[in-house]
Amino acid sequence: MGKELTTRAEDYSQWYNELVVKGQLADHSAVRGCMVIKPYGYALWENMRDQLDKMFKETGHVNAYFPLFVPKSLFEAEEKNAEGFAKECAIVTHYRLKSDPDNKGKLIVDPDAKLEEELIIRPTSEAIIWNTYKGWIQSYRDLPLLINQWANVVRWEMRTRLFLRTAEFLWQEGHTAHATKEEAVEETLKMLDVYAAFVEEYMAVPVIRGVKTPNERFAGAEDTYCIEALMQDGKALQAGTSHFLGQNFAKAFDVKFSDKNNKLDYVWATSWGVSTRLIGALIMAHSDDQGLVMPPRIAPLQVVIVPIYKGEEGKMLVDNKAIEIMDGLKKLGIRVKYDDNDNARPGWKFAEHELKGVPVRIALGMRDLENNVVELARRDTKEKFTVSLDGIENYIQKLLEDIQQNIYDRALAFRTEHTTEANSWEEFTSILDGKAGFVSAHWDGTAETEEKIKQESKATIRCIPLRNTHEDGKCILTGNPSTQRVLFARAY
RNA sequence: CGGGCGGUAGCGCAGCCCGGUAGCGCACACGUCUGGGGGGCGUGGGGUCGCAAGUUCGAAUCUUGUUCGCCCGACCA
């Protein structure tokens with residue numbers, strides 16, 4: 001297999017595409033815009049999913065599962081939500097095929113098997129879930145209802161890219177119901193914090209917490225909060241969203257509850273989600289021209305041991321020690337593989353594990369055994385060093401933590417370096433066309449200006465940061481007064 | 001969805017313009033020498049040329065349709 005990767009400088013986009021495929025995370029499928037997530041990529045997703053799931057449960061949520069199909073009449077109930085997704089829905093209209101009388105061995109859709117009502121394949125599950133919640137909620141005692149679902153959804157995107165935007169993707173969607181507005185808002189922000197903590201602490205990707213402008217809001221939400229990450233090409237990526245839905249869905253689906261004073265009111269709602277898109281963020285935040293760089297805490301494989309030997313006896317000696325090291329690491333809960341595949345030679349394995357981003361590599365040969373040492377290589381810095389076999393397990397455990405911290409620090413330094421204040425239109429555009437990244441600038445707060453800036457610069461307002469300091473200034477486009485800076489960037 | 005490019009062995013590609021029944025490198029299998037950064041030598045297996053129609057004595061090659069991908073645009077909670 002030719003393993004030469006396109007470099008980031010040559011063609012960032014192609015570099016990304018090659019990494020996903022050559023790093024064995026995912027492949028294109030026979031279905032337009034849909035990917036096959038391969039075992040290595042799925043193992044990564046499982047680690048992310050398990051950690052998030054744990055965090056959801058720690059904050060009081062439980063899992064449930066709702067249908068893939070949404071009857072059209074339910075789908076259209078919340079008008080704005082329906083309108084927002086209408087353009088990208090897959091629709092089931094029939095339930096049967098039959099043999100084609102004109103073409104032997106082929107099938108056609110049976111025109112007699114048309115559904116009374118079309119079924120929408122969920123692009124998001126608010127409709128089917130809120131229709132269900134109606135039967136679950138009568139009293140304030142039924143609240144809050146804190147439910148999460150792990151599922152696939154379908155959005156018929158025009159232009160797709162593996163992980164970043166696929167027609168079908170895996171995600172989780174939390175849907176909660178509350179007695180008061182304050183409680184729902186609090187929930188929305190709490191889950192935003194859970195997302196930020198997960199992405200920063202586990203994926204080692206620093207994020208900005210913020211709120212979207214009305215233009216960029218989720219269809220049907222009162223407020224959309226988000227975490228925004230910066231990729232190595234200076235483009236932003238929305239890594240997760242948490243929506244305060246007000247009483248919009250409660251009203252659309254007639255979900256009312258009696259409060260302590262037996263007064264009827266509509267419940268308050270939130271929804272929040274992250275998807276396999278996070279894997280795209282992970283790749284573009286950390287990886288380099290040699291391949292993927294996996295953050296140790298969620299890496300499918302944290303350590304790989306590569307044996308180097310001559311002859312059968314040599315192999316036996318190395319095997320014994322390697323297995324001993326592997327067992328020691330496993331006892332510490334470290335995910336480790338002994339790569340004793342005899343088809344591939346050491347050099348080939350080194351390159352392969354670098355491509356797949358395994359954080360730590362141990363090379364073990366006769367000469368190491370004699371000296372009671374191993375050669376360690378860390379993926380993030382590509383440094384190699386020799387360490388004693390005594391206490392190797394604890395050394396590696398510490399090294400994994402160092403790597404996790406280092407790639408986070410590196411990504412944070414990059415973001416800091418690529419976050420720039422602009423005070424004029426000329427500055428604004430020259431930054432975007434130059435080093436790119438986040439641009440912090442004044443905006444007059446109108447949708448018209450926001451749209452015009454987007455038209456002329458291709459940059460969008462990523463968010464109004466939550467921890468924003470207020471300062472008086474003038475909008476970079478119109479010169480109208482503004483009270484705070486917002487964060488612009490070109491985005492995925 | 002508009003414009004451009006592409007799909008030939010598991011992967012990367014040549015052949016197509018000028019029609020005559022498919023080739024190279026890597027990978028794979030076996031043997032052997034090897035083994036500390038993508039090994040050497042020898043032997044061997046594998047492809048109805050994305051799919052479907054058409055033109056032709058004959059199609060990977062020409063024509064039409066279709067599908068999947070890549071790039072640019074429009075779109076994108």
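By convention in this document, chain letters (A, B, ...) are assigned in the order of the sequence lines, proteins followed by strands, and residues within each chain are numbered from 1.
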Pull out every protein N or O sitting under 3.5 Å from an N or O of nucleotides 28-35 of chain B, one pair per line with the distance.
residue, atom, partner, partner atom, Å
B:U34, O2, A:R345, NH1, 2.8
B:G35, N2, A:D342, OD1, 3.2

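- Judged purely by distance below 3.5 Å, without hydrogens or angles, the side chains of A:S457 and A:T429 never pair a donor atom with an acceptor atom.
- Rounded to a whole Å, the CG atom of A:L5 is 13 Å from the P atom of B:G12.
- For the contact set between residues 359-372 of chain A and RNA chain B, defined by any heavy atom under 4.0 Å, the members are A:R361, A:A363, A:G365, A:M366, A:R367, A:D368.
- Here, B:G39 and B:U61 have their C1' atoms 39 Å apart, quoted to the whole Å.
- The aromatic rings of A:Y133 and A:W130 lie perpendicular to each other, with more than 60° between the two planes, well past the 30° mark.
- Look at the C1' atom in both B:G69 and B:A29: the space between them is 32 Å, to the nearest Å.
- The residue A:Q14 sits apart from the nucleic acid: no heavy atom pair falls under 4.0 Å.
- Here the side chain of A:N17 is nearest to one of B:G37, B:G36, B:C71, namely B:C71.
- If you take atom P in B:A22 and the same atom in B:G46, they sit 13 Å apart, rounded to whole Å.
- Here B:A29 sits opposite B:U43 as a Watson-Crick or G-U wobble pair (both hydrogen-bonding atom distances under 3.5 Å).
- Base-pair partner of B:G73: B:C1 (Watson-Crick or G-U wobble, both distances under 3.5 Å).
- If you measure from atom CZ of A:F163 to atom C1' of B:G69, you get 17 Å, rounded to the nearest angstrom.
- Residue A:D27 contributes atom CG, which lies 19 Å from atom P of B:G7 at whole-angstrom precision.
- Here, B:C13 and B:G44 have their P atoms 28 Å apart, quoted to the whole Å.
- Remark: of the listed residues A:F244, A:F56, A:Y225, A:W171, A:F56 is the sole one forming a ring-ring contact (aromatic ring centres under 6.0 Å, His included) with A:W272.
- The salt bridge (Lys or Arg N to Asp or Glu O under 4.0 Å) search around A:K315 returns A:D319, not counting sequence neighbours.
- Across all strands shown, A:Y492 has no heavy atoms under 4.0 Å from either base or sugar-phosphate atoms.
- Nucleic acid contact for A:K315: none, since no nucleic acid atom lies under 4.0 Å from a heavy atom of the residue.
- Rounding to whole angstrom units, CD of residue A:Q24 and C1' of B:A27 are separated by 13 Å.
- Across all strands shown, A:G33 has heavy atoms under 4.0 Å from sugar-phosphate atoms exclusively, and none from any base.
- A side-chain N or O of A:D233 and one of A:Y492 form a donor-acceptor pair less than 3.5 Å apart.
- Taking atom P on both B:C51 and B:C68, the two are 15 Å apart, rounded to the nearest angstrom.
- Using Watson-Crick or G-U wobble geometry with both donor-acceptor distances under 3.5 Å, B:G37 finds no partner in any strand shown.
- For A:R32 against B:C68, no side-chain N or O and base N or O form a donor-acceptor pair under 3.5 Å.
- Across all their heavy atoms, A:A236 and A:A489 have their closest contact at CB-CB, 3.8 Å.
- In this structure, a donor-acceptor pair under 3.5 Å is absent between the side chains of A:Y40 and A:Q24.
- If you check every strand for non-hydrogen atoms under 4.0 Å, A:T224 touches nothing.
- When the C1' atom is used for both B:G7 and B:A14, the distance is 15 Å, rounded to whole Å.
- For the pair A:K454 and A:S13, both in contact range of RNA chain B, the more 5′-proximal nearest nucleotide belongs to A:S13.
- Checking B:A74, B:C70, B:G36 against the side-chain heavy atoms of A:R159 singles out B:A74 as nearest.
- Judged by the 6.0 Å distance and 45° axis criteria, A:R361 is positioned over the aromatic ring of A:F350.
- Separating the C1' atom of B:C18 from that of B:C76 is a span of 47 Å, rounded to the nearest Å.
- Judged by distance alone, the side chains of A:R32 and A:T160 never bring a donor and an acceptor atom under 3.5 Å apart.
- Where A:C34 and A:E88 each meet RNA chain B at their nearest nucleotide, the meeting point lying more 5' is that of A:C34.
- As rounded to the nearest Å, B:C62 and B:U56 have C1' atoms that lie 10 Å from one another.
- Residue A:H353 has no polar side-chain atom (N or O) positioned under 4.0 Å from OP1 or OP2 of B:G38.
- Look at CG on A:D100: it is 16 Å from P on B:A52, rounded to the nearest Å.
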